[in-house]
There are 2 protein chains.
Amino acid sequence: MLVSRKNFVFQKLVNTLLEHIIKNYKVDDSLPSDVVLANQFSVSRTTVRKAVEYLEELDILVKSGATKTLIAMPNSEHFFDVSKQSKPKEKLVEEYFLTLIQHGKLKPGDKFSELELARQSDTSTVAVREFLIRFSRFGLIEKNPRSQWKMKKFDEAFVDQLYEIRHLFEMHSLSNFIQLPEDSEYWQQLNDLFIEHKNLSLKMETCYDDFPRLDQKLHGLLQRAHPNQFVNEFYDIISFVFHYHYQWDRSAERERNTLAVQEHLDFIGKMLMKDYRGAAVALERHLNTAKQSLKDTAML
Amino acid sequence: MLVSRKNFVFQKLVNTLLEHIIKNYKVDDSLPSDVVLANQFSVSRTTVRKAVEYLEELDILVKSGATKTLIAMPNSEHFFDVSKQSKPKEKLVEEYFLTLIQHGKLKPGDKFSELELARQSDTSTVAVREFLIRFSRFGLIEKNPRSQWKMKKFDEAFVDQLYEIRHLFEMHSLSNFIQLPEDSEYWQQLNDLFIEHKNLSLKMETCYDDFPRLDQKLHGLLQRAHPNQFVNEFYDIISFVFHYHYQWDRSAERERNTLAVQEHLDFIGKMLMKDYRGAAVALERHLNTAKQSLKDTAML
DNA sequence: TTGCTGTATTTTATAAATAAAAAACAGTTG
DNA sequence: CAACTGTTTTTTATTTATAAAATACAGCAA
């Protein structure tokens with residue numbers, strides 16, 4: 001099972017090179033130098049050379065000194081079958097791990113082993129380890145040396161602290177947004193978003209699961225208007241925790257989202273009317289609802 | 001050079017066990033069961049067994065079935081020499097890496113290799129890798145697959161965003177502190193801290209490098225009064241970045257700290273007088289000074 | 001010079017092997 | 001049956017080996 005040690009970068013380069021040739025060259029044309037190709041496709045020259053060598057073997061081009069002359073157009077046979085190539089390790093682990101969580105196989109307090117994860121997700125322990133270290137910044141898992149990883153229990157203090165920061169950040173974003181000049185493009189975008197919310201609220205019966213997208217969009221807009229990498233990173237945590245807990249309790253999802261859309265509408269509406277105080281109150285109410293509903297779900 | 005693969009946990013347990021015996025037992029006493037010992041010293045029973053076996057070899061105790069009888073008191077010869085045991089890998093890497101940074105060997109924009117770091121710090125690439133991943137949450141390093149790590153360049157936007165959050169958090173901490181009941185112990189602690197600042201300000205000529213400790217203490221106090229893990233983590237970043245940049249420019253350190261102490265005094269003083277507005281203004285001023293001085297140093 | 005090729009060296013990613021430690025299992029005894 | 005011991009199985013930590021890719025070096029030609 002040496003699949004993962006295969007020369008991915010090489011194969012991918014060959015494929016892009018073939019495509020590139022088909023699109024931009026014809027027989028008898030000559031290709032740019034190694035260095036140019038390496039820069040163009042963001043790989044090292046070593047890889048370019050190997051790929052060119054390979055194309056020579058395929059009788060697609062001939063190389064003599066500095067010139068690479070195209071002698072035949074590539075066809076579909078020449079491409080590497082990339083479909084069977086599994087995704088990047090990191091993605092594999094992540095997907096598998098999140099699936100476990102979403103299916104409730106890993107609940108707060110549970111322990112799990114790196115080795116097991118590696119086997120199940122068809123990756124190496126190293127990949128697993130690196131993912132878990134990265135993931136641990138969400139504050140949902142922890143480990144002691146020589147001992148297994150453990151899902152942290154999710155106590156009320158955690159939720160309170162999380163929402164305390166969220167409150168702080170969103171109020172801050174709000175106050176920044178309000179100060180945007182009248183002719184800023186973001187006001188238009190906010191208006192569009194208001195309409196999107198309005199539309200969704202009309203067909204809430206069927207499309208209630210479309211809300212998270214809008215929620216994401218609203219946050220994205222506020223972030224673009226006044227970017228801050230720390231706020232952004234924090235929001236990753238928020239939205240993960242959010243998913244983490246709602247994934248296995250969809251019971252009240254429609255009601256939850258219906259309410260949330262209404263609160264968003266209220267909030268955005270007040271903003272559009274430049275009613276800062278009103279918007280702040282609406283936001284406050286929204287955050288409180290969200291916090292409470294998270295608690296209700298998580299602390300059963 | 002198999003040093004690092006040695007049985008650290010085992011040796012440490014033997015030593016603590018010997019100490020424990022000297023302190024609490026005498027010849028002919030019998031020791032508790034494996035399980036009890038394992039729990040008491042937070043190791044697995046496997047390790048306890050190996051340690052007990054080892055003590056038997058040393059003729060310190062005899063085991064027959066369930067009873068472990070002490071037959072001789074341990075002496076200093078029996079202890080493992082723990083001094084030659086290098087610290088935990090993680091610490092080693094961390095120290096070496098931070099030293100590099102502090103000596104200006106790694107400046108923004110520089111690249112460095114895991115292998116090199118592993119060699120220099122006398123650890124494995126795995127340990128290095130794990131440290132770097134963990135460290136990357138500070139946002140000071142980054143890497144692309146198959147490529148080396150790189151010190152991020154430290155632009156003005158980063159400082160602005162950092163201080164934007166700091167501003168938000170510290171104002172929040174302030175407003176929380178002000179709301180503490182009159183008889184809260186924290187007011188007393190704040191008062192003590194005020195006096196400490198006052199004392200330091202008198203001998204600033206010589207003890208100016210004592211300021212960071214007080215700064216840390218002030219933050220610690222605010223955090224204890226109203227704990228929030230996210231704020232805390234963020235402050236780690238702040239203080240790291242702070243060190244990262246001042247370490248190689250101590251030129252104006254005394255003036256910087258003298259000013260900072262004055263600003264702290266102003267700030268704490270206003271708090272003690274319950275002058276919320278005044279304290280907020282003082283804090284604002286302090287943060288601006290800090291930000292500006294960081295920029296002056298970092299953006300040379 | 002500059003920009004290229006060919007070759008050699010380094011480094012990262014990955015696998016496989018193994019020691020140390022933890023955890024699970026199976027009896028035994030009071 | 002509860003608590004223990006002796007034994008076996010798993011798991012983590014660490015090292016070593018190697019393929020893939022990136023980088024550095026040396027020399028050549030315009």
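Side chains are part of it too, since the values below use all heavy atoms of this structure and drop only hydrogens, waters and symmetry mates. Just so it is clear: chains get the letters A, B, ... in the order the sequence lines come, proteins before strands, and each one is counted from 1.
Contact annotation: A:Lys50 does not reach the phosphate of D:dA22 (side-chain N/O to OP1 or OP2, under 4.0 Å). Proximity of B:Arg119 to the phosphate of C:dT11: a side-chain N or O atom is located under 4.0 Å from OP1 or OP2. Listed pair A:Ser124 / C:dT14 fails the phosphate criterion, with no side-chain N or O lying under 4.0 Å from OP1 or OP2.
Listed candidates were D:dC4, D:dA22, C:dA21. Nearest to the side chain of B:Arg146 is D:dA22. Which of D:dT5, C:dT12, C:dT5 sits closest to the side chain of B:Glu114 comes down to C:dT12. Nearest nucleotide to the A:Arg49 side chain, out of D:dT23, C:dT5, D:dT12: C:dT5. Of all nucleotides listed (C:dA21, C:dT5, D:dA21), D:dA21 comes nearest to the side chain of A:Asn7. When each of C:dT5, C:dA23, D:dG6 is scored by its nearest atom to the side-chain atoms of A:Val35, the top-ranked nucleotide is C:dT5. Of all nucleotides listed (C:dA21, D:dC4, D:dA24), C:dA21 comes nearest to the side chain of B:Phe8. Nearest to the side-chain atoms of B:Ser113 among the listed nucleotides C:dT12, D:dA21, C:dA21 stands C:dT12. For A:Lys143, whose side chain is taken as the heavy atoms from C-beta onward, the closest listed nucleotide among D:dT12, D:dG6, C:dT12 is D:dT12. Which of C:dA23, C:dA21, D:dA21 sits closest to the side chain of A:Lys111 comes down to C:dA23. Comparing atom distances between the A:Ala66 side chain and each of C:dC4, C:dA21, D:dA22 picks out C:dC4 as nearest.
Distance, A:Asp110 CG to C:dA23 C1': 16 Å, rounded to whole Å. Between A:Arg45 atom CZ and D:dA20 atom P the separation is 20 Å, expressed in whole Å. Whole-Å rounding puts the A:Glu53 CD to D:dA20 C1' distance at 14 Å. Protein atom CD1 of A:Ile133 is 13 Å distant from nucleotide atom C1' of D:dT12, rounded to whole Å. Counting to the nearest Å, the P atom of D:dT23 and the CZ atom of B:Phe112 are 14 Å from each other. Atom CG in B:Leu31 sits roughly 15 Å away from atom C1' in D:dC4 (whole-Å rounding). Going from atom CG of A:Asp34 over to atom C1' of C:dG3 covers 12 Å, rounded to whole Å. Following rounding to the nearest Å, A:Leu115 (CG) and C:dA17 (P) show an atom-to-atom distance of 14 Å.
Between A:Glu116 and A:Ser44, it is A:Glu116 whose nearest contact on DNA chain D lies nearer the 5' terminus. Residues B:Ser147 and B:Val36 each lie close to DNA chain D; by heavy-atom proximity, the contact nearer the 5' end of the strand is made by B:Val36. Where B:Pro145 and B:Phe10 each meet DNA chain C at their nearest nucleotide, the meeting point lying more 5' is that of B:Pro145.
Remark: aromatic rings of B:Tyr54 and B:Phe80 are close, center separation under 6.0 Å. Side-chain rings of A:Phe135 and A:Phe240 approach one another, their centers coming within less than 6.0 Å. Separation of the B:Phe234 and A:Phe234 ring centroids does not fall under the 6.0 Å cut-off.
Here A:Ser33 lies in heavy-atom contact (under 4.0 Å) with sugar-phosphate atoms only. Residue-level contact check: B:Val126 touches the bases, meaning some heavy atom is under 4.0 Å from a base atom. Using a 4.0 Å heavy-atom cutoff across all strands shown, A:Thr47 reaches sugar-phosphate atoms only and no base atom.
Between the side chain of B:Asn24 and the main chain of B:Ile21, no donor-acceptor pair closer than 3.5 Å is present. When atom types are taken as modelled, the side chain of B:Ser239 and the backbone of B:Tyr235 share a donor-acceptor pair closer than 3.5 angstrom.
Side-chain N/O atoms of A:Thr46 and base N/O atoms of D:dA21 include no donor-acceptor pair closer than 3.5 Å.
Electrostatic pairing of B:Lys26 and B:Asp29 counts as a salt bridge here, judged by a charged N lying under 4.0 Å from a carboxylate O. A:Lys91 and A:Glu94 are joined by a salt bridge, as a carboxylate oxygen and a charged side-chain nitrogen come within less than 4.0 angstrom of each other.
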